[in-house]
A.B. asks: 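Sharing a structure, written as structure tokens. Questions coming.
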Amino acid sequence: AQSVTQPDIHITVSEGASLELRCNYSYGATPYLFWYVQSPGQGLQLLLKYFSGDTLVQGIKGFEAEFKRSQSSFNLRKPSVHWSDAAEYFCAVRSNFGNEKLTFGTGTRLTIIP
Amino acid sequence: KAGVTQTPRYLIKTRGQQVTLSCSPISGHRSVSWYQQTPGQGLQFLFEYFSETQRNKGNFPGRFSGRQFSNSRSEMNVSTLELGDSALYLCASRLDSLNTEAFFGQGTRLTVV
């Protein structure tokens, strides 16, 4: 069974500082990987995705993520955070067989301080 | 292009009642999935529908059911509501091909009292 681990429940960073959110997955083959962001009371917005190819993927809002097969990781990064980045971030995995079951991590809540 | 639309946004029901939630996918998307989000259990997959057929199901009791119509709109139903069913219910739609992503609606916040 596939699973996702986000080891950091809550992260606080200063505005303008760099950010890295960790994500580790468990899956028998190369999965499809996603990062979603959720503001309070809202749905999920897709930040970026990895299907195959280049292991460094660019997303919206200046985010990027790197797929590392050897570490079963898909960490999310941003060089300089803005106050509007405060939200909850979810890493998710889906099998590459086509069925639509996303398995999510428990999320990382990001707080930005001035 | 319009996104995924879920109605209603908020709902308050009494224990024992039943509830129906609606989801209109992005135009052209034929796969619709439902997820339950709670503080304790996080985001959990309920089921997926494609071409009016349930294609995949999560580990939820039979009180949770769904259906999909010929226009790809989907509904989910929860019967005999329990307090623990209070959650944000999210719907996602996707083009049904391999390298595509799911787009989520704003969710329906269900409160069971």
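Below, chain A is the first sequence line, B the second, and so on; all start at residue 1. No hydrogens, no waters, no symmetry mates; every other heavy atom, side chains included, goes into these values.
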A.B. asks: With a 4.5 angstrom heavy-atom cut-off, could you sort out which part of B/Gln37 is near chain A: side chain, backbone, both or neither?
C.D. replies: side chain
A.B. asks: Would you say B/Arg63 has more than 12 foreign heavy atoms packed within less than 6.0 Å of its CZ?
C.D. replies: yes
A.B. asks: Are B/Met76 and B/Tyr10 linked, directly or through other ILVMFWY residues, by side chains that come within less than 4.5 angstrom of each other?
C.D. replies: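 In one cluster: no.
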A.B. asks: Under the disulfide bond (SG atoms under 2.5 Å apart) rule, what pairs show up with a residue in residues 2-112 of chain B, not counting sequence neighbours?
C.D. replies: B/Cys23-B/Cys91
A.B. asks: Show me the donor-acceptor pairs, under 3.5 Å and distance only, between side chains in residues 40-54 of chain A and residues at least two apart or in other chains.
C.D. replies:
residue	atom	partner	partner atom	Å
A/Gln45	OE1	A/Lys61	NZ	3.2
A/Lys49	NZ	B/Glu101	OE2	3.4
A/Asp54	OD1	A/Leu56	N	3.1

A.B. asks: Linking I/L/V/M/F/W/Y whenever their side-chain heavy atoms sit closer than 4.5 Å, directly or via other members, would B/Ile26 and B/Phe50 fall into one cluster?
C.D. replies: no
A.B. asks: For residues 105-113 of chain B, give me every residue with a non-hydrogen atom less than 4.5 Å from any non-hydrogen atom of chain A.
C.D. replies: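 When heavy atoms of chain A are the reference, residues 105-113 of chain B contributes B/Gly105, B/Gln106 within the under-4.5 Å range.
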A.B. asks: Any non-hydrogen side-chain atom of A/Leu102 less than 4.5 Å from a side-chain atom of B/Tyr35?
C.D. replies: yes
A.B. asks: Between A/Trp35 and A/Ile11, is there a shared hydrophobic cluster once you connect ILVMFWY residues whose side-chain heavy atoms come closer than 4.5 Å?
C.D. replies: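 Per the 4.5 Å side-chain linkage, A/Trp35 and A/Ile11 are co-clustered.
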A.B. asks: Is the count of non-hydrogen atoms from other residues, nucleotides or ligands lying under 6.0 Å from A/Ile9 atom CD1 greater than 12?
C.D. replies: no
A.B. asks: To the nearest 0.5 Å, what is the distance between CD on A/Glu88 and CG on B/Leu43?
C.D. replies: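 Atom-to-atom, A/Glu88:CD and B/Leu43:CG are 8.5 Å apart.
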A.B. asks: Under a 4.5 Å cut-off applied to non-hydrogen side-chain atoms, are B/Phe45 and A/Thr103 in contact?
C.D. replies: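 In short, these two side chains do not touch, never coming nearer than 4.5 Å.
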A.B. asks: Do A/Tyr32 and B/Thr100 touch side chain to side chain, with heavy atoms closer than 4.5 Å?
C.D. replies: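 A side-chain contact under 4.5 Å is absent here.
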A.B. asks: Are the side chains of A/Arg94 and B/Arg94 in touch, meaning some heavy atoms are under 4.5 Å apart?
C.D. replies: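 Answer yes - side chains close enough.
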A.B. asks: Below 3.5 Å, can you tabulate the donor-acceptor pairs from side chains in residues 104-114 of chain A to any protein atom, sequence neighbours excluded?
C.D. replies:
residue	atom	partner	partner atom	Å
A/Thr108	OG1	A/Gln6	NE2	3.4
A/Thr108	OG1	A/Asp8	O	2.6
A/Thr111	OG1	A/His10	NE2	2.7

A.B. asks: Let me confirm one number: the OH-CZ distance from A/Tyr36 to B/Phe103, rounded to the nearest 0.5 Å.
C.D. replies: 7.5 Å
A.B. asks: With the 4.5 Å side-chain cut-off for hydrophobic clustering, are A/Leu76 and A/Trp83 part of the same group?
C.D. replies: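 No; A/Trp83 is not reachable from A/Leu76 via cluster members.
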